[in-house]
Amino acid sequence: MSIFEYNGSALVAMVGKNCFAIASDRRLGVQLQTIATDFQKIYRIHNKLFIGLAGLATDAQTLYQRLVFRNKLYHLREERDMKPETFASLVSAVLYEKRFGPYFCQPVIAGLGDDDKPFICTMDSIGAKELAKDFVVAGTASESLYGACESMFKPDMEAEELFETISQALISAVDRDCLSGWGGHVYLVTPTEVTERILKGRMD
Amino acid sequence: MMKIDFSGLDPSLPVKGNAEDLDDEILAAPSFKLPVTVDFDGFQKAAVQMVKPAKGTTTLAFIFKHGVMVAADSRASMGGYICKALLILNLYKINLYLAASQSVKKIIEINPYMLGTMAGGAADCQFWHRNLGIKCRLHELANKRRISVAGASKLLANILYSYRGMGLSVGTMIAGYDESGAGLYYVDSEGGRLKGTRFSVGSGSPYAYGVLDSGYSFDLSVEDAAELARRAIYHATFRDGASGGVASVYHVGPGGWKKLSGDDVGEMHYSYYPIEPTTVEQEMADVRIA
């Protein structure tokens with residue numbers, strides 16, 4: 001069994017019209033046993049930048065703490081928030097620093113950049129960036145998520161429709177994966193507000 | 001002197017030798033062609049590994065005053081694709097935990113008064129249960145009486161013992177009602193056969209045992225026993241990643257088996273633990289512009 005499948009996770013981020021949504025499942029497990037059903041995988045860096053971390057839960061927590069430290073230092077020096085593209089490069093550098101003993105995480109980064117233009121990207125565990133214009137996925141349910149997103153995604157969706165689409169994609173994908181699910185967590189971010197919602201899903 | 005014909009008493013021979021070819025196939029022990037490979041042992045080891053992860057399931061059965069209660073989930077998860085790995089000599093990253101189906105029948109009806117549960121390799125369980133059903137029917141025809149649960153489980157156990165070490169993966173419970181009352185046996189592909197009153201088999205069995213053992217009493221009514229079985233399966237599907245789908249509950253009584261319910265465990269969760277509306281933590285408030 002792969003180390004990436006030890007805890008189980010499902011993450012997806014999608015771009016809409018001047019907004020983005022990032023969603024995760026809520027399960028924390030140890031191989032097949034479910035330990036918690038309210039585990040947080042998406043973290044807020046600042047109001048226009050979110051990072052989700054799939055993979056080994058301990059590495060996800062440690063990596064998040066490192067990134068918060070680096071972000072706060074940046075904020076003190078530059079006296080402004082980090083742009084999402086810059087943050088993505090930061091994450092990539094932090095991951096490649098551990099090239100020969102990596103963090104077993106797959107990050108999904110989503111943010112609003114200059115002029116509130118949505119930005120999403122994902123990386124593998126050693127920092128290879130994959131920028132996308134429509135959606136990015138990560139986790140044990142990634143193959144099902146690719147299929148669900150590919151069929152449900154439309155460009156330039158408004159906030160509410162984007163929320164519906166990402167929720168449906170997440171729920172239908174995790175229903176095919178034994179290691180993720182047990183509910184969903186969706187953040188919908190527009191230039192003016194951040195909405196956090198919990199999804200009701202199958203608890204098996 | 002007339003020679004007495006005893007051939008009819010021999011259960012493994014047909015009385016009249018007309019349909020010999022067909023009977024030979026049915027009555028002979030199933031024989032399997034062995035694959036032609038360079039490394040037979042290595043191939044067998046790999047084949048055993050292919051079936052290994054697939055005991056993802058929860059099944060349970062218990063005897064009580066009114067017979068036997070049998071319950072199971074319905075999720076099937078896929079093992080890896082070994083055939084491709086051997087040919088192409090590099091392993092694909094195959095998702096071992098893809099839920100292949102949410103609606104697999106794990107309770108197999110051997111005959112109208114006996115049930116078998118499926119855990120382990122689906123193909124193995126389906127084939128050998130059907131084979132057991134055939135043998136039970138032939139026993140009935142030859143001896144003019146139904147086979148006992150002990151006898152049926154012994155037939156299966158002996159067959160599985162003869163294939164021991166060859167990679168069959170079967171963890172089954174044979175539940176039925178015969179002349180001596182309710183019968184429940186656990187039979188597995190290692191050749192083990194145990195008589196008992198409460199069993200649970202599969203990756204979700206520890207969780208099911210927790211609920212089953214604390215709620216069990218011999219004097220349960222049929223509805224209470226069904227609810228206990230259903231609840232135990234539900235709790236196993238909640239905690240175990242490889243169990244889920246639909247919780248089926250069957251009851252085997254003096255008149256045979258009857259399916260009592262098939263409930264989706266996703267919906268069961270919200271009926272046992274309905275969502276309380278939570279207080280809103282942070283809400284945007286309109287700011288009054290002075």
Side-chain angles (χ1 to χ4, degrees), chain A residues 1-10 25-38 44 47 106 124-125 137-147 171-184 187-188 190 192-204, chain B residues 52-58 73-80 91-102 202-207 233-247 263-278 280-285:
Chain A
M1 188 200 207
S2 156
I3 189 71
F4 287 98
E5 288 162 17
Y6 188 74
N7 293 125
S9 48
D25 73 315
R26 305 189 81 204
R27 178 181 184 268
L28 174 72
V30 167
Q31 299 190 322
L32 285 174
Q33 182 180 51
T34 305
I35 306 290
T37 56
D38 58 358
R44 188 190 76 98
N47 274 341
Q106 244 193 313
D124 69 1
S125 58
V137 302
T140 51
S142 58
E143 273 134 22
S144 310
L145 277 165
Y146 271 125
I171 294 294
S172 53
V174 301
D175 281 347
R176 277 288 176 184
D177 182 22
C178 296
L179 298 176
S180 53
W182 277 258
Y187 287 83
L188 182 65
T190 64
T192 49
E193 62 177 4
V194 172
T195 320
E196 178 188 345
R197 287 186 179 106
I198 309 275
L199 298 176
K200 178 176 142 168
R202 286 186 67 96
M203 304 295 259
D204 65 354
Chain B
K52 266 227 147 64
K55 262 196 180 137
T57 191
T58 312
D73 75 314
S74 71
R75 175 175 289 181
S77 32
M78 270 200 291
L91 290 166
Y92 289 120
K93 178 190 168 282
I94 299 289
N95 192 337
L96 280 178
Y97 295 94
L98 189 65
S101 170
Q102 287 274 54
S203 56
S205 63
Y207 314 111
I233 294 287
Y234 156 73
H235 279 285
T237 61
F238 181 78
R239 283 287 170 182
D240 179 33
S243 304
V246 169
D263 299 296
D264 183 285
V265 295
E267 283 154 32
M268 274 168 77
H269 174 86
Y270 293 107
S271 72
Y272 289 141
Y273 303 104
I275 297 177
E276 310 292 330
T278 46
V280 179
E281 281 165 17
Q282 284 174 354
E283 201 175 326
M284 254 175 38

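None of the values given here were measured: they were computed from a predicted structure. We name chains A, B, ... by the order of the sequence lines, and we start the count at 1 in each one.
- Taking OG1 of B:Thr237 as the reference point, atom CZ of A:Arg202 lies at 8.5 Å (rounded to 0.5 Å).
- Judged purely by atom type and a 3.5 angstrom limit, B:Arg239 has no side-chain atom pairing as donor or acceptor with the backbone of A:Gln33.
- Only the side chain of A:Thr37 has a heavy atom closer than 4.5 Å to any heavy atom of chain B.
- The two residues B:Phe238 and A:Trp182 come nearest to each other via the heavy atoms O-NE1, 2.8 Å.
- Residues of residues 267-275 of chain B lying within less than 4.5 angstrom of chain A, judged on heavy atoms, are B:His269, B:Tyr270, B:Ile275 in numerical order.
- Only the side chain of B:Tyr207 comes within less than 4.5 Å of a heavy atom of chain A; its backbone N, CA, C and O stay farther away.
- A:Arg44 pairs by the salt bridge (charged side-chain N to carboxylate O under 4.0 Å, His left out) definition with nothing, not counting sequence neighbours.
- A donor-acceptor distance shorter than 3.5 angstrom exists from the side chain of B:Arg75 to the backbone of A:Asp204, with no hydrogens or angles considered.
- Across A:Cys178 and B:Ala242, no two heavy atoms sit closer than the pair SG-CA, 4.2 Å.
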